[in-house]
Q: 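The structure follows.
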Amino acid sequence: MTQMTFARAINSGLRKSLENDPKVILMGEDIGTLGGVFRITDGLQKDFGKHRVIDTPLAESGIMGTAVGLAYRGYRPVVEIQFDGFVYPAFDQIVCQVAKLHYRTQGAVKMPITIRIPFGGGIGSPEHHSESPEAYFTHTSGLRVVSVSNPQDAYIMIQQAIASNDPVVYFEPKRRYHDKGEVDESVDPASALSMEKASVVTEGTDVTLVSYGPLVKTARDAALAAADDGVSVEVIDLRSLSPVDFSTVEASVRKTGRLVVTHEAGQFGGIGGEIAASITERCFYHLEAAPVRVTGFDIPYPYSKLEMHHLPDLDRILDGVDRALGRPNSLSGLEG
Amino acid sequence: MTQMTFARAINSGLRKSLENDPKVILMGEDIGTLGGVFRITDGLQKDFGKHRVIDTPLAESGIMGTAVGLAYRGYRPVVEIQFDGFVYPAFDQIVCQVAKLHYRTQGAVKMPITIRIPFGGGIGSPEHHSESPEAYFTHTSGLRVVSVSNPQDAYIMIQQAIASNDPVVYFEPKRRYHDKGEVDESVDPASALSMEKASVVTEGTDVTLVSYGPLVKTARDAALAAADDGVSVEVIDLRSLSPVDFSTVEASVRKTGRLVVTHEAGQFGGIGGEIAASITERCFYHLEAAPVRVTGFDIPYPYSKLEMHHLPDLDRILDGVDRALGRPNSLSGLEG
Amino acid sequence: MNADDLSQGGTTAAGPDNWANHHYRTGGNLVQLITPGGERVSHPEYDVWVKDVTDEQLASLYEDMVVIRRIDTEATALQRQGELALWPPLAGQEASQIGSARALRDDDFVFSSYRENGVAYCRGVDLTDIVRVWRGNASAGWDPYSINMATPQIIIGAQTLHATGYALGIQHDGADSVAMAYFGDGATSEGDVNEAMVFAASFQAPVIFFCQNNHWAISEPVGLQSHIQLADRATGFGIPSVRVDGNDVLAVMAATREALERARHGGGPSFIEAVTYRMGPHTTADDPTRYRDANELEDWAAKDPMTRVRSLLERRESWSEELETRVAAKADAVAQEMRSGCINMPDPQPLDVFKHVYSTPHSWLERQQDHYSRYLASFGDPAQAASEEGAR
Amino acid sequence: MNADDLSQGGTTAAGPDNWANHHYRTGGNLVQLITPGGERVSHPEYDVWVKDVTDEQLASLYEDMVVIRRIDTEATALQRQGELALWPPLAGQEASQIGSARALRDDDFVFSSYRENGVAYCRGVDLTDIVRVWRGNASAGWDPYSINMATPQIIIGAQTLHATGYALGIQHDGADSVAMAYFGDGATSEGDVNEAMVFAASFQAPVIFFCQNNHWAISEPVGLQSHIQLADRATGFGIPSVRVDGNDVLAVMAATREALERARHGGGPSFIEAVTYRMGPHTTADDPTRYRDANELEDWAAKDPMTRVRSLLERRESWSEELETRVAAKADAVAQEMRSGCINMPDPQPLDVFKHVYSTPHSWLERQQDHYSRYLASFGDPAQAASEEGAR
Ligand SMILES: Cc1ncc(C[n+]2csc(CCOP(=O)(O)OP(=O)(O)O)c2C)c(N)n1
Ligand SMILES: Cc1ncc(C[n+]2csc(CCOP(=O)(O)OP(=O)(O)O)c2C)c(N)n1
Ligand SMILES: [Mg+2]
Ligand SMILES: [Mg+2]
């Protein structure tokens, strides 16, 4: 066990993957000499060489499309998208190629590409640097999507993502990069909990609170605060967003009868709606109240002076918990 | 009133817009001499000239990005994307520019761009020609999204979309292009039903069936078939997908207590989930059963020999209606 | 004869030996080695690349061209007869496809668009596999690794990046094979094609950008995409390029061999503009009379790629009745094989739609498949129930 | 003096009169009119474009450069003091920005990246507006129509297409203004920039592609994007281009005026590569010592854009203490105005986040705003309740 930052944990996982499999290649803008704008790839080019940790020209479709070609040739490219808001030029290659080539070729061509995307807000950045585009990817069949919430998972799941024969979009909660946690680097990713499984990070009985990525910490804090108030919140860290581990969520909701989902992304068509709808389908008769969503607004990511209003925080989550429990809340009195 | 095809109705609406506003400009691949691969712009270049109906180079980001520049200059570009699956190269310009410039500039710059996308399957085409990408756009704040289901709406709503000062993605159900219907060309789009409103196209009392675009016809047929079976289905044509006219859907569900949503797009993160979640939030205590979704599968659009399996049809919709009503259905016996 | 002969030839010995320092050539004049009339004209730079090509080999290239035109005609007929949903004809582009594809080695890897069915033929594709996609029985007809050719790419230009990435892999492996990207004149406008040139130039990747300028992108003339010749586009990326008569199989082969040798020897990417013409419609769904002039077609008919080779062989007295008969018989046999493969292709099974979306099970999709199989079973159709079993 | 003088000058009379037939110029040698030592060197083609520039005007350009460097220093200081979240310094690029921007007319329209704050200054931006975005108070600092300059574009290269589209609009209107696209060396690799050149060339749009090659894209040297000079990229699209000393304000102005005149007279797009250097970090968040050599910095310090103009003016005895004092005072005043504008900027109100997402009400978002205002009100904070009222 070592104390390390989230950033370091990913770095260490990448290093392990580079060591273990010569087919692993890292590609991206500024990931070499600089070690990435967040230093996630710090030192890797120095240790593995310019041919395995590649600074690419400034063109996201180019990066993704050449990664596809490398995968065709048997490589396992790990692509860094510098910030969430810069993934869109690569969207065509992701949706039409990365996601579909395995299907198109009836399994002949594997696309073991990992797309690392630092995502989410709360870091005081200008436009395009704080987005949460995960729903675009979870709605794209052929992709797997994960998001990590703590250094240990970050370390393990980056290796699992790289080892997967399917393309994986790996969302890194950038505002947690400097948070520290215990990491056991001796854990073998192959025997660790599969990246497809959710995990119950706080047990509780009154309401199920589902989250992922940056808000898991906030959700746990909310559970602590709620406990003070006599409310027992079960917090689930989804970890995988495609597929979502509905069994774990369902089991919890069957117990609590109430569901709150929280994420930074906008609400309309976000993961929260899918989980609300799917859980309602699966356990309608166990639900005591309508599932509640506590999410970012459906607006372009706002300038940093106001981002704390956009981002769900502890208070907004608790307000959502109150709504799920039918306790007085900000919308009390409104029909529903 | 004139009998005309869906395709002709859009053509006629475009013509009206070109006539009424010199700032309206059509842009796209093959829309000029050829009149578009579906002939939607047939004859328009001949009548309005090469400067108003522009054959562009083969580059979707280029088309969308130059449309943004034209909008900056005060024009109202109407962009044709040749097929649904070819919109992704333009995704960056749509998401980061078209959708956000009004917000970014605090309202100073208007983006009255209409993006016409023939969408959906059922025409026996190869890959990329039959997709239903609407959820990518409805999850993008700053865009309005509509889909039309009949020639009269097509005629009116294309004009409303072009007149809107916000960008509008206008989804055309390509497999209905040759369907005929009555069109009253004398209707003034400004006084017609707003494109943001849903419409109840079949009244009923037992279950609410929500759809849009190509499946509205199928939904109406299903309602007829259900009626034979003694089930009264209320069919709603959403028309607008962003915003969704939830009041209309809610009013219906409060009456029927049951909801089925059907669309061709994949289910995970599709419009169906959002409607299920939102309606559950709004009228949980009026729901007699969990909302049911009858959708395309979460797979890349399959080759044409199997597309009829992917696409919801009358039987699958009726099976969904049975599920909503708790009548024997294909999933009877499964827990839920 | 063995087509592989053509992928080796005497070229390695013949070519300049310092590829890395090879000067950039702007498009300039069209490289032509056989005139439309069938005269062999000499070219100071390109003759050397085909000096080993015998008349017998020329006859073999002729045969290839006849065969793929026949494939094209047969497939078009199959479409008209309702056996195929669609077909993108290659008629007119035989020399571009054969001249380039026959220059390749087996271990080179091709990334093409939808129109390179002649190239697929050269790669040794099973004839049934060619029509699989167009019949609607699959999204891709073959296993790319079985013939070292990716399946047709429909997203215009996307494959040029795949070729470039594949070439980076070749480079990483220290191999001397080459990635070959086929695309059209219209494709040159797409960002992807330009980014592919950026990456290829930056890393000096062993990739060839083979642009078939067939003058049309559906209804759009090439002049809408560029008012200067397409070969010059590459120059701006620091990629050597050549403009070649795309209806001259020998010239195309020479240019391709040159580019291949450059790539194999660390000289990086090349761009070849093969100037040709799409004699047919864009696809069987297209009506070219709406946008182009019959005269243009006539002009190009006079430049037919097969006629000129036949004339040349005749001039050289290497033409014979026997050859003609043999070629025709071969074309017939190929067409027949493709037709019967097409018609007898078994239909896919309903649950096949769920196959291969992921390489390992995905819980959401598994549940969806389970529900759909229950749905199918609810009709109580034993045939359907059986096919379900098979698919799982 | 009036900067507008520079946007007109004697150039129309002086330039070649048939722009449409103007020959293409490859990048070739760097156009330079003032050496780093301050010598005015003559240039057969470009002298004519600045023959009207008086010493007084040169002093004015000098003043502009000093002022924008001061804006840059002040903003960097504001960032260090926590008043700005971020700042992208332009230091080193003063001549590129002033020489080009001062050649523009008011009715030309600029589309820039985040680094062209010097250009914004020339366009007459309110100094508070320059820092609005970087303080986190807005996504865009100004109304683009008030100064005919779009707000900073962060998506690399995207603005080049906007400029091209705007230019199509100009063309459609029959106007003779020009759209100006500023972008960096790194941006040239993006598909959008290349597509912009395709569209601009195809329609002969009145747009200038002004590339500030400052040698770095964050940590990536320009050689990673291209191993040939960037000006040559344009040639491959059929767009005339020139490579100019980007630290020479006069040379930049000459090249820009030439391109503007070409565009105004129907000669279509041009590409200018201004070869310059980013003396500071990429942004205040960057640490360039991780990736670049101190020597490189020193070399470029010797090519400073202001020093050479000052030397030239001294040589010509047009320099004076009084001028120096006046310029310094102006820079101080500008810096002071920006600082106080920055510090006194009122904070936005919570419900402002919902404003301007749409131009007319959107029912879903209205409900969301309503819920959030209820949420804020639930804290019973009267200040918040009041601000809500204001925002609706
Ligand atoms: C990204 C994308 N946009 C549009 C299309 C529709 N489309 C199919 S073929 C074609 C023309 C291609 O022209 P060209 O590149 O010259 O190739 P050719 O068909 O002549 O072989 C177009 C526009 C597409 N397939 N992909
Ligand atoms: C599409 C996109 N990808 C990546 C980035 C991140 N990024 C910001 S600036 C920059 C480098 C730009 O370099 P250059 O074009 O040379 O402009 P300069 O910063 O030197 O002015 C990068 C990669 C971005 N803003 N947009
Ligand atoms: Mg073509
Ligand atoms: Mg730069």
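All values derive from a computational prediction rather than experimental measurement.
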Q: Once rounded to the nearest 0.5 Å, what's the spacing between atom CD of C/Gln225 and atom CZ of D/Phe237?
A: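 Reported to 0.5 Å precision, the distance equals 12.0 Å.
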Q: How far does CG of D/Asn194 sit from OG1 of C/Thr188, to the nearest 0.5 angstrom?
A: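 Atom-to-atom, D/Asn194:CG and C/Thr188:OG1 are 11.0 Å apart.
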Q: Measuring heavy-atom distances to chain C, does D/Ser189 have an atom under 4.5 Å in its side chain, in its backbone, in both, or in neither?
A: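 It is both, since atoms from each part get that close.
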Q: Working to the nearest 0.5 Å, report the span between NE2 of C/His227 and CD1 of D/Ile239.
A: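 Spacing of NE2 (C/His227) from CD1 (D/Ile239) equals 7.5 Å.
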Q: Taking atom CG of D/Leu224 and atom CZ of C/Phe203, what is their separation to the nearest 0.5 Å?
A: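 Going from the CG atom of D/Leu224 to the CZ atom of C/Phe203 covers 5.5 Å.
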Q: Answer yes or no: is there a donor N or O on one side and an acceptor on the other, between the side chain of C/Thr235 and the main chain of D/Gly236, under 3.5 Å?
A: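 Answer holds: no.
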